[in-house]
Amino acid sequence: MPAPSVSYSITIRLEVPSGGSAVSDLTTVVEKAGGIVTALDVTGSHTELLGIDLTVATSDTDHADRIVAALRAIGDADVKKVSDRTFLMHLGGVIEVATKHPLRTRDDLSMIYTPGVARISEAIARDKEDARRLTVKRNAVAVVTDGSAVLGLGDIGPYAALPVMEGKAALFKTFADIDAWPLCLDTHDVDSIVETVAAIAPGFAGINLEDIAAPKCFEIEDRLRARLDIPVFHDDQHGTAIVALASLRNALRVVGKDIADVRIVMSGAGAAGTAILKLVLEAGASDVVVCDIDGVVHADRPGLVGQLGWIAEHTNPRGVTGTLRDVIGGADVFIGVSAPNVLTVDDVEAMNDGAIVFALANPTPEIDPALARAHAAVVATGRSDYPNQINNVLAFPGVFRGLLDAQSHGIGTDVLLAASEAISATVSDDELNANYIIPSVFHPEVHDRVAEAVRAVASAKR
């Protein structure tokens, strides 16, 4: 069973006798059931009864149900109510719109709205670039999805994707003070998505594509970048790539190897895998072998179309074939963005000394990190409950902050490399070790450093 997590925490309201061992019985029952008591609050006291709010971290909803059932089985405990804390936090959504100026008087109304606002509209009509200066556009990003590849949940549709996009907007605001708006489109058609995003683009200074399935995400991004005069960034591709490369740079620092000299084996050729591959190659990697569900991608493999054809042309310089197991031996680095448990302990043991394993499949990695650590020098995952979490949140807030500040009309590989270098440089030589190759998303400097690096690159291109 997974470790208890705050994302599955519940608060149970109970009444118990005010005397005896009733309160300690509650915590004992929870601990025996595998939960963790994170808070116990007395909400009311009477001569014979105590009101208790017991907050418990659980592993999943079934585990939470078992803990509640165990508490109900205590003879003198009366369970009144059970609240899921995550659902409570999302009641009514997690974001809202706020005005920057008070609207209290007739003067306020006349300037914020009509008739004064007409002067602003006339100025923008004369020069549309003034929209960046005089409207919310200057600080606005659209977070766009069709709900076709949401987290690890797959194609759950635009309605179910909305809370995830709200969360993304909250991250933009918290870490970069950017006003981001969730736009969940009720279509999977590429043409419709492109036309819709192009139509709403005047109100935004950047487009963040999110949770759109491969391979259509590639075409959508390419077409929008060619059509729009604002940056278009697919976070599942480029955000992951930025942080993965930053982590790889620092992992190589730990083991004393150079990216140009190492052999890299990748598992996964979807959106994230392809983006990581392209950025790693731009950073100087020269020997990369990519595997997908059909084995090693090589020039003679039949049926290679689209991105797979590009991968075959730009990787595998030694022309190896076979399966992941056939090519992992002697590798210095494994990067997985594929499926659970595709890598074994024997595979890791067959890698070179000082091996680096990035098992990024979520929620279940390509190999159990604890098993990988037996033979690998550095292990990273996409999970928050292990060291070295490769998390997109380290990248996209600072990237967009820098792009918006530079009033950028596009985004290039130089921006991605600059962001990656800024993240890796945030970890000093004194801090760097096998369990700390990447800073926390709450690091006080990382988002500002990314924004500064991106702003410098983007401004130089204007």
Side-chain angles (χ1 to χ4, degrees), residues 89-90 92-100 131-132 135-147 149-151 158 161-185 197 200-212 217 221 224 228 230-243 246 272 275 384 389-411 415-416 418-420 422-423 426 439-455 458:
M89 184 173 284
H90 283 267
V94 298
I95 58 174
E96 63 182 4
V97 175
T99 59
K100 294 172 68 175
R132 290 181 182 263
T135 74
V136 71
K137 177 185 176 74
R138 69 181 296 170
N139 197 50
V141 169
V143 183
V144 180
T145 188
D146 67 347
V150 180
L151 301 177
L162 182 55
V164 181
M165 302 308 113
E166 282 188 5
K168 199 64 175 275
L171 295 172
F172 268 111
K173 190 65 177 178
T174 300
F175 293 118
D177 196 25
I178 290 171
D179 298 313
W181 313 89
L183 298 178
C184 300
L185 308 184
V197 175
I200 57 93
F204 299 94
I207 304 294
N208 185 88
L209 301 176
E210 188 77 20
D211 293 347
I212 299 175
C217 61
E221 181 190 40
L224 286 173
L228 301 181
I230 56 176
V232 178
F233 182 89
H234 185 198
D235 189 44
D236 301 310
Q237 293 184 61
H238 308 303
T240 303
I242 288 169
V243 183
S384 60
Q389 183 192 18
I390 294 179
N391 190 332
N392 295 9
V393 183
L394 282 164
F396 69 81
V399 167
F400 271 100
R401 181 73 277 154
L403 291 171
L404 267 56
D405 289 348
Q407 298 187 25
S408 177
H409 291 278
I411 181 170
V415 165
L416 310 184
S420 179
I423 293 170
T426 304
S440 162
V441 298
F442 297 105
H443 190 289
E445 299 177 6
V446 64
H447 301 291
D448 288 341
R449 287 192 177 193
V450 172
E452 183 179 352
V454 169
R455 184 164 51 245

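Atom CG of Leu151 is separated from atom CG of Asp236 by 9.0 Å, given to the nearest 0.5 angstrom. Atom NE2 in His234 sits 8.0 Å away from atom CG in Asn208 (nearest 0.5 Å). Between the CG atom in Asn391 and the OG1 atom in Thr240 there is a gap of 9.0 Å [rounded to 0.5 Å]. The distance from the CD1 atom of Ile207 to the CD1 atom of Ile411 is 12.5 Å, given to the nearest 0.5 Å. Here Ile423 contributes atom CD1 and His443 contributes atom NE2; the two are 11.5 Å apart, rounded to the nearest 0.5 Å. Note: Asn392 CG to Asp235 CG = 4.5 Å, rounded to the nearest 0.5 Å.
Within the 4.5 Å cutoff, the side chain of Val446 has no heavy atoms near those of the Val441 side chain. The shortest distance between side-chain heavy atoms of Phe204 and Val143 does not fall below 4.5 Å. Side-chain contact check for Leu209 versus Cys217: every heavy-atom pair is 4.5 Å or farther apart.
Closest non-hydrogen pair, Pro397 versus Leu171, comes out as CG-O, 4.4 Å. Leu162 and Pro182 get closest at one heavy-atom pair: CD1-CB, 4.0 Å. In terms of heavy atoms, Arg449 sits closest to Thr426 at NH1-CA, 3.3 Å. Nearest heavy atom pair, residue Ser420 against residue Ala246, reads OG-N, 3.0 Å. Pairing each heavy atom of Ala395 with each of Val450, the nearest pair is O-CG1, 4.0 Å. Contact between Gly410 and Leu403 at its shortest, heavy atoms only, is O-CD2, 3.9 Å.
Every residue meeting the side-chain contact (heavy atoms from CB on, under 4.5 Å) condition with Thr135, not counting sequence neighbours, appears here in chain and number order: Ile124, Ala131, Lys137. In this view, Asp179 and Val136, Asn139, Lys173, Trp181 satisfy the side-chain contact (heavy atoms from CB on, under 4.5 Å) rule, not counting sequence neighbours.
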Step-by-step ring pair (Phe, Tyr, Trp, His ring centres under 6.0 Å) determination, Phe396 to Phe172:
CA-CA 8 Å; Phe396 69 81; Phe172 268 111; 4.8 Å; yes

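Summarising the local packing, CZ of Arg132 is surrounded by more than 12 heavy atoms from other residues, nucleotides or ligands at distances under 6.0 Å.
Arg401 places a side-chain N or O within donor-acceptor distance of the main-chain N or O of Ala176, the cut-off being under 3.5 Å. When atom types are taken as modelled, the side chain of Thr145 and the backbone of Asp211 share a donor-acceptor pair closer than 3.5 angstrom.
Of the residues listed (Glu166, Glu210, Met165), the one engaging Cys184 in a side chain to side chain contact (heavy atoms under 4.5 Å, CB included) is Met165, and it is the only one.
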